[in-house]
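Since the structure comes first, as structure tokens, the remarks are kept for the end.
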Amino acid sequence: MLSLQAEICYKKMEIVLKSKIKEAVKILYNSEVTDDLIQIQETRKDFKGDFTLVVFPLLRFSKNTPENTGETIGNYLVDKFPAISGFNVIKGFLNLEISDTWWVEYFEKMASEKSHLENCQVSEPETILVEYSSPNTNKPLHLGHIRNNLLGYSLYRILSACGHKVVKTNIVNDRGIHICKSMLAWQKFGNGETPKSSGMKGDHLVGKYYVLFEKEYRVQIEKLMLEGIEETEAKNSAPLMREIREMLLKWEAGDNEIFDLWKMMNSWVYAGFDETYKKLGVDFDKIYYESDTYKIGKDIVLTALKENILYRNDDGSIWADLTQDGLDQKLLLRSDGTAVYMTQDLGTAVNRFNEYKFDKNIYVVGNEQNYHFQVLKALLKRMGYKWADGLIHFSYGMVELPEGRMKSREGTIVDADDLIKEMLETAMEVSLELGKLSDFSEDEKKDIFRKIGMGALKYYILKVDPRKNMTFNPVESIDFNGNTGPFIQYTYARIKSVFRKAELMGINADESMLSETKVGTKEIELIKLLRKFSETVSSAATVYSPAIIANYCYELSREYNQFYHDYTILGEGDVAIRNFRLVMSKVTSEILNKGMWLLGIEMPERM
RNA sequence: GGUUCCGUAGCUCAGUUGGAUAGAGCAACAGCCUUCUAAGCUGUGGGUCCCGCGUUCGAGUCGCGGCGGAAUCACCA
């Protein structure tokens with residue numbers, strides 16, 4: 001065992017360095033420095049050293065050149081701090097070299113950790129609701145929903161990993177005028193078609209009638225316009241529009257026939273959604289239905305009206321005036337008394353707070369709804385709900401195709417089920433071509449194809465900064481080389497393969513035997529990268545970005561693959577070095593596995 | 001028009017609280033499998049970080065002004 005000073009906290013070398021530098025400035029220049037002036041960063045790869053102190057901010061104390069200041073502080077640190085084995089100064093940068101001994105001891109502790117998430121735990125865990133998916137029950141899920149679901153689910157795992165109590169919720173938009181559209185079309189043109197009779201997945205069947213409604217509605221509008229009626233008027237007075245308005249009224253009045261129809265068609269859709277969710281590997285702890293919460297919303301609106309927070313228009317509609325908040329007038333109840341989107345969201349939020357007393361309620365919803373959530377928060381605050389500060393709109397960017405936006409009218413919507421199917425097929429084709437799985441059973445193979453195909457899809461979407469709009473290129477998405485999910489899975493499978501062979505040779509990775517080894521620079525590079533895992537997870541949780549973890553896993557895989565290529569592990573004659581490399585491989589595989597797990601991506605043992 | 005977000009290599013994307021010579025992948029070209037999985041590794045070429053001004057010892061990063069793009073401002077959700 002090596003003996004290092006107890007004060008060297010293995011978790012945060014930077015913190016120790018900071019205090020040492022503070023001490024140095026005090027003794028050398030007789031000055032007190034504040035923390036923000038001590039800037040420590042990792043040394044860039046093309047320079048010698050491990051940590052770098054930027055000396056520019058300290059010049060005001062040293063009253064000397066950057067070079068001399070760096071030199072003086074460097075000498076002091078090497079003298080007083082055994083973990084620092086040397087230093088060099090380039091321009092205003094003091095590059096500190098940490099001794100190999102320190103790195104090895106540090107790595108030994110890391111290797112003994114079980115989850116590698118020990119350092120991510122927050123001191124004050126919160127109750128956090130994550131709402132994601134929020135489908136409409138009138139059409140199947142598409143590519144946009146996939147991004148939503150993957151982000152929401154990953155966010156859940158990341159926040160949970162940091163110690164928060166996270167509740168996955170889904171709000172199903174199962175009521176409203178748009179739902180009536182597919183119902184009406186089915187009633188008129190369906191001839192009693194069911195998922196069973198047609199063999200169609202329920203959500204797709206309902207979606208078919210929604211599209212049919214839009215088509216017929218369009219025809220009516222155009223006909224009216226030919227008769228010289230203006231477009232807005234035509235849209236309002238088209239017979240189909242009148243009919244769905246009536247239907248919505250009947251629905252809100254609880255009309256039996258309409259209600260039964262609604263229940264039946266929704267049950268078809270839910271069966272379809274469940275299948276897709278299962279394939280995506282996402283689930284929910286609590287599902288809310290707008291049909292339950294819109295009434296609460298209505299009550300809230302009427303109460304607020306009495307309190308003069310809202311106002312009633314001449315036609316009976318109820319509005320909020322948010323111009324003082326820099327927003328506009330917002331309709332909350334239609335003149336016929338039916339609810340709108342905002343009405344139910346008010347109800348849902350209040351309902352949820354009463355149920356969970358959450359610290360945060362994160363809405364994973366596209367950035368096209370930024371305005372909606374601004375209004376929602378402003379409204380709730382105005383109504384006196386203090387917890388509204390805890391509402392967070394996790395606003396992610398749109399998914400576009402290389403040709404531009406997906407448009408239902410042009411039939412460019414990428415269907416979730418189709419896409420998943422395609423990914424799995426491609427994974428199968430590529431795998432079979434490489435022919436590495438010939439000794440596997442059909443079921444085992446299928447499972448591996450699924451992991452690879454879904455891994456590729458999930459990684460492709462999650463590696464992009466969630467806030468940014470992204471382009472989904474179908475050709476690129478099924479590429480398994482380079483910065484892709486399968487690349488990371490492959491790295492993992494490779495390590496697993498090494499361990500299978502090691503077992504046959506009767507070799508074990510022994511974490512307790514690391515200290516006596518002499519390590520190479522490549523090993524230390526890897527240790528440095530492995531060390532960054534927990535801080536990567538922490539910052540992913542802070543800024544709500546699975547992409548940070550995705551890119552970290554990629555970087556780690558690249559680094560490991562270089563190592564794997566350049567050095568032999570099991571063939572190494574020096575037992576201590578062989579063991580060191582084995583332990584390092586083991587930790588790498590554990591961290592890759594955990595990192596990808598946080599993204600909701602499964603890792604195959606072989607591929 | 002108002003508000004919000006975005007603009008980095010041919011394409012898709014990284015780029016920590018402002019730090020050193022801006023990085024990957026894809027695509028193109030040239031190499032590396034009798035040795036732990038070549039879904040890998042190495043190399044070459046590729047940049048006015050949209051433009052301008054400002055703050056700073058230092059700006060892709062911060063501020064202001066342009067230009068370009070997206071979203072939104074519905075009795076749709």
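Residue numbers start from 1 in every chain, and the chains themselves are labelled A, B, ... in the order their sequence lines are given, proteins ahead of strands. Values in this document were obtained by computation on a predicted structure and should not be read as measured data.
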Quiz item: Taking only N and O in the side chain of A/Arg334, is any of them less than 4.0 Å away from OP1 or OP2 of B/C76?
Solution: yes
Practice problem: For B/G10 and B/G2, measure between their P atoms and round to the nearest Å. | Solution: 33 Å
Quiz item: Base of B/C5 relative to its sugar, syn (within 90° of 0) or anti?
Solution: anti
Quiz prompt | N or O in side chain of A/Lys91 less than 4.0 angstrom from B/U21 OP1/OP2 | solution = yes
Exercise. Say whether, by atom type as modelled, one donor and one acceptor occur between the side chain of A/Thr343 and the main chain of A/Leu332 under 3.5 angstrom.
Key: yes
Practice problem: Assign A/Thr491 to base, sugar-phosphate, or nothing according to its heavy-atom contacts below 4.0 angstrom with the strands shown. | Solution: nothing
Quiz item: Which part of the nucleic acid does A/Phe56 contact within heavy-atom distance under 4.0 Å: base, sugar-phosphate only, or nothing?
Solution: base
Quiz prompt | Below 4.0 Å: OP1/OP2 of B/U16 and any side-chain N or O of A/Ser539 | solution = no
Quiz item: Does A/Arg578 make a side-chain N or O approach to OP1 or OP2 of B/C36 shorter than 4.0 Å?
Solution: no
Exercise. Look at A/Arg494 and B/A38 and indicate whether a side-chain polar atom (N or O) is within less than 4.0 Å of OP1 or OP2.
Key: yes
Quiz item: If you measure from CD1 on A/Ile179 to OG1 on A/Thr137, what distance do you get to the nearest 0.5 Å?
Solution: 3.0 Å
Quiz item: Using a cut-off of less than 4.0 Å, is there contact between a side-chain N or O of A/Asn481 and OP1 or OP2 of B/G40?
Solution: yes
Quiz item: Is any side-chain N or O of A/Tyr341 closer than 4.0 Å to OP1 or OP2 of B/A77?
Solution: no
Exercise. Look at A/Gln562 and B/U42 and indicate whether a side-chain polar atom (N or O) is within less than 4.0 Å of OP1 or OP2.
Key: yes
Exercise. Scan A/Phe480 against the nucleic acid and name what it touches under 4.0 Å (heavy atoms): base, sugar-phosphate only, or nothing.
Key: base
Self-check item: Nucleotide B/C57, atom P - distance to CD of A/Glu67 in whole Å
Solution: 17 Å
Practice problem: Calculate the interatomic distance between A/Ile461 atom CD1 and B/G25 atom P; express it in whole Å. | Solution: 22 Å
Self-check item: Below 4.0 Å: OP1/OP2 of B/G7 and any side-chain N or O of A/Lys468
Solution: yes
Quiz prompt | Gap between atoms CG and P, on A/Leu58 and B/G58 respectively (whole Å) | solution = 18 Å
Quiz prompt | Aromatic ring proximity A/Tyr560/A/Phe563, centre distance under 6.0 Å | solution = yes
Quiz item: Looking across every strand, which nucleic acid part, if any, lies under 4.0 Å from A/Val54 by heavy atom: base, sugar-phosphate, or nothing?
Solution: base
Self-check item: Salt bridge flag under 4.0 Å for residues A/Arg500 and A/Glu605
Solution: no
Exercise. Record whether the side chain of A/Thr484 comes under 3.5 Å of the base of B/A39 through a donor-acceptor pair of N or O atoms.
Key: no
Quiz item: Counting just side-chain N and O atoms, does A/Lys139 come under 4.0 Å of either OP1 or OP2 of B/A77?
Solution: no
Practice problem: Check whether any side-chain N or O of A/Arg500 sits under 4.0 Å from OP1 or OP2 of B/U37, and answer yes or no. | Solution: no
Exercise. Verify, without hydrogens or angle tests, whether A/Gln562 (side chain) and A/Glu559 (backbone) share a donor-acceptor contact under 3.5 angstrom.
Key: no
